[in-house]
Structure formats: structure tokens, C-alpha cells
Amino acid sequence: MPNDIAASSRIIGVSTANPEPLSVRGVELRFGQHAVLRGVDLDLHSGELLGLVGRNGAGKSTLVRIVTRVLRPQAGTIHVLGVSVERLSAQDVARRIAVVPQTAELPPGFTALEIVLMGRTPHLPLLGSEGERDVEIARQAMLQTDTWTLNGRQVDQLSGGERQRLLLARALAQETPLLLLDEPTTHLDIGHQAELLNLLAGLRHERGLSVLAVVHDLSLAAHYCDRLALLDGGKIVVEGAPAEVLTGARVSAVYETEVLVIPHPITGRPVILPGS
């Protein structure tokens, strides 16, 4: 855990004795009469990749926005590294949580390197500018995400896949212990999907990074995630190892379509195919 995070937790007066990276309890959100999330409980363990899966509209992206305080729930609590997000400043939240959003929208007029350097903002003093160390951290993040060759290009010249990888580089440059990804493989071809998810696997071991990812592709989720949490109707209906969560009967019921679930010939993890 970075020293500034530990120090901030001591100032707030919360114990840092091995807290979960993320703990969600009883979170509820309604828009008028429509319940988007209903009593959601979720724990992200240290160093794991936890996948949030479920059909469109189940509340997956909404939960990500609540964790980062973009939305405020009507009930429930969220703790990050043992500290309630309600007690953290925006800068403290940004030092703990980096987010790769679902859409690859980036402000025009900036180069790729300038976008990635924005990830260093939470670590800079007020009105401060990036130094050599910040530039080197950004460069390493871009090398890891295969975007360094784009460093001088304007973002409006980049493809959707290049922008998505740039968003990941910006999040890595933020150097947070917790990473939230909202459908991170959007716009990526199968090669870059595998590169991104393998990179996350490596970073979890190198940095002790903990990752919560909204994943649309169930077979990808099963292959790369340690655990899955299946959302349906605003509630987590089951949570556990991919093989426990993604049974044929359950996936067919939740997604309201017939599917065939078979074991991967090498890993044995579930592969989900159309049933007809």
C-alpha cells in the first residue's frame, strides 16, 4: 500500500490492519420507482480479479459508479482499504481507485502521452506540474499497454481500440491499489483482449493490484477471473468460482436464452456457447 494512502487512513482514524481492498454492504439505488440495485453485498479480496457479470441493465456499471462516488446510493456503505468513501476527499479516492470506463471518449486537443499523464494528477501538489518521475511512470504504463508508439499523436487520430488501451495506461499511471474496469475489452480485437487481461494478471502479482471488472463476455470472464458475481435484477444472485456461477441452467435462466456450457479443453473452465 502506498505510504500516502496509509498515512491518510491513520489521519482519518481507521485501522489499516489488512482491510479488504473493497467492501460493499447493503447498497441500494432507485431511480423513481425503479430499483436499480437492491441490497448489494460484495467483497473484493487482495490481489484478485473479481468479475461482475449479468445481462444488460442488471446494475453492473451502476455499481462501479457508486463505488467511485459518481452516484450516491440511497442506502448502504462502501469501504475502500478499510475507509468509508464518504470520509475521503476526491483526491484520496483517486489515490486509491483508478477507473477504466466503458466508453473510449477522451478530450480532444491532447496527445496520447498527455492523456496518460493525467493519471498522475492525484499525486501532484496543488498547481504542481509533472516531473521526470511522472513522465517515466506514464511511459512505463504506455509500454505495458502497447501505446508508447502513439505518445505524440492527437487522441482524435486514434482508433477505438487504441483509445481503450490508452485509458488503461492512464489508470495504471495513477498507481492505485484498486482498479475498476467497466467492460475493458470493448473496442479491442481478440489479440488485444488477451494482452490486456494477461497484463492485469501480471500486475496483480507484481503490484498486489486488486481488480473489479465488469465483463460482458462470459467465456472471457470465466477464463481470466478468480471469482464471479452474477447480478440479476439489481441483486447478486450467486458469487463464487466461475464453474460454480456459470452453470448452463443458471445462465439460461438469467439471460433468458438457451446456452451450452462446456469445459475448456485445456483449462477446464466454462465456455459458454449458444444452445441452438
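What's counted below: heavy atoms across the whole structure, side chains too, no hydrogens, waters or symmetry copies.
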Inset, instruction - Specify the closest pair of heavy atoms between A169 and A141, including all atoms of both residues, with the distance to one decimal. - result: O-CB, 3.4 Å

Legend entry - Shortest non-hydrogen separation from V155 to P108 and the atoms involved: CG2-CA, 4.1 Å

Inset, instruction - List the atom of G54, the atom of L230, and the distance in Å for their closest heavy-atom pair. - result: CA-CD1, 3.9 Å

Legend entry - Derivation of the side-chain contact (heavy atoms from CB on, under 4.5 Å) call for L273 and V259: CA-CA 6 Å; L273 302 171; V259 300; over 6 Å; no

Legend entry - Pairwise distance CG(D189) to OG(S159) - rounded to 0.5 angstrom: 9.0 Å

Legend entry - R96 and V80, any side-chain heavy atoms less than 4.5 Å apart: yes

Legend entry - Verify same cluster id: I266, L246 (apolar side-chain graph, 4.5 Å): no

Legend entry - Check against side-chain contact (heavy atoms from CB on, under 4.5 Å), E48 and V211: CA-CA 6 Å; E48 83 167 339; V211 183; over 6 Å; no

Legend entry - Atom pair CZ/CZ of R170 and R163 - distance to nearest 0.5 Å: 12.0 Å

Inset, instruction - Would you list the pairs meeting side-chain hydrogen bond (donor to acceptor under 3.5 Å, both in side chains) in which at least one residue belongs to residues 69-78, sequence neighbours left out? - result: R72-E86

Inset, instruction - Report the distance from atom CG of L117 to atom CZ of R139, rounding to the nearest 0.5 Å. - result: 12.5 Å

Inset, instruction - Using atom types as modelled and distance alone, determine if a side-chain donor or acceptor of R165 lies under 3.5 Å from a backbone N or O of D146. - result: yes

Inset, instruction - Please check if L124 and I97 belong to a single hydrophobic cluster, counting links between Ile, Leu, Val, Met, Phe, Trp and Tyr side chain heavy atoms closer than 4.5 Å. - result: no

Legend entry - C225 to P242 - nearest heavy-atom pair and separation: O-CG, 3.6 Å

Legend entry - Full working for side-chain contact (heavy atoms from CB on, under 4.5 Å) between V24 and L44: CA-CA 9 Å; V24 175; L44 173 64; over 6 Å; no

Legend entry - Donor-acceptor contact present, side-chain R269 to main-chain A243, <3.5 Å: no

Legend entry - N/O donor-acceptor pair under 3.5 Å between R38 side chain and G233 backbone: yes

Legend entry - D226/R204 ion pair, N-O < 4.0 Å: yes

Legend entry - Any donor-acceptor N/O pair, Q91 side chain to P122 backbone, under 3.5 Å: yes

Inset, instruction - Just grab all the ring pair (Phe, Tyr, Trp, His ring centres under 6.0 Å) pairs involving residues 215-266, residues at least two apart or on different chains. - result: H223-H264

Legend entry - Hphob cluster co-occupancy, L178 + I137, side-chain heavy atoms under 4.5 angstrom: no

Legend entry - Short side-chain to backbone donor-acceptor contact, S23 and E20, under 3.5 Å: no

Inset, instruction - State yes or no: do L37 and F31 share one hydrophobic cluster built from I, L, V, M, F, W and Y residues joined by side-chain heavy-atom distances below 4.5 Å, directly or via other members? - result: yes

Legend entry - Sub-4.5 Å side-chain heavy-atom contact between T62 and L71: yes

Legend entry - E175 and H123 side chains, donor-acceptor separation under 3.5 Å: no

Legend entry - Whether S210 side chain and G47 backbone form a donor-acceptor pair below 3.5 Å: yes

Inset, instruction - Can you measure from CZ (R227) to CD (E244) and round to the nearest 0.5 angstrom? - result: 10.5 Å

Inset, instruction - Could you tell me whether the side chain of L63 reaches within less than 4.5 Å of the side chain of S61, counting heavy atoms only? - result: no

Legend entry - Short side-chain to backbone donor-acceptor contact, S89 and D92, under 3.5 Å: yes

Inset, instruction - Indicate whether the side chain of Q140 and that of Q144 have a donor and an acceptor atom separated by less than 3.5 Å. - result: no

Inset, instruction - Report yes or no: does T68 contribute a side-chain atom to a donor-acceptor pair with the main-chain N or O of V64 at less than 3.5 Å? - result: yes

Inset, instruction - Flag the pair R25 and D43 as a salt bridge only when some basic side-chain nitrogen lies within less than 4.0 angstrom of an acidic carboxylate oxygen. - result: yes

Legend entry - Close side-chain approach of T145 and L166, heavy atoms under 4.5 Å: no

Legend entry - Pairing residues for D134 by the salt bridge (charged side-chain N to carboxylate O under 4.0 Å, His left out) criterion, not counting sequence neighbours: R120

Legend entry - Flag, side chain of N151 to backbone of W148, donor-acceptor distance under 3.5 Å: yes

Legend entry - Reported CZ-to-CG distance for the pair R65 and L180, which is rounded to 0.5 angstrom: 12.0 Å

Legend entry - Heavy-atom check, side chain of D182 versus side chain of V100, under 4.5 Å: no

Inset, instruction - Answer yes or no: is there a side-chain heavy-atom contact under 4.5 Å between L212 and L179? - result: no

Inset, instruction - For the pair T147 (side chain) and L150 (backbone), establish whether a donor and an acceptor sit closer than 3.5 Å, ignoring hydrogens and angles. - result: no

Legend entry - Separation of L218 CG from L228 CG (nearest 0.5 Å): 8.5 Å

Inset, instruction - Taking only Lys NZ, Arg NE, NH1 and NH2, and the carboxylate oxygens of Asp or Glu, determine whether R55 and E256 approach each other closer than 4.0 Å. - result: yes

Inset, instruction - Using the side-chain contact (heavy atoms from CB on, under 4.5 Å) rule, take H192 and Q164 through it: C-alpha gap first, then chi angles, then the decisive distance, then the call. - result: CA-CA 10 Å; H192 280 116; Q164 198 69 19; over 6 Å; no

Legend entry - Validation row: L29, I66 side chains within 4.5 angstrom (heavy atoms): yes

Legend entry - Joint cluster assignment, L52 & V70, ILVMFWY side-chain distance < 4.5 Å: no

Inset, instruction - Would you mind reporting whether R250 and V238 have side-chain heavy atoms less than 4.5 Å apart? - result: yes

Legend entry - G82 versus P19, closest heavy-atom pair with distance: N-CB, 3.5 Å

Legend entry - Shortest non-hydrogen contact between G26 and D41, atoms and distance: N-OD1, 2.6 Å

Legend entry - Residues R133 and E136 bridged, charged N to O under 4.0 Å: no

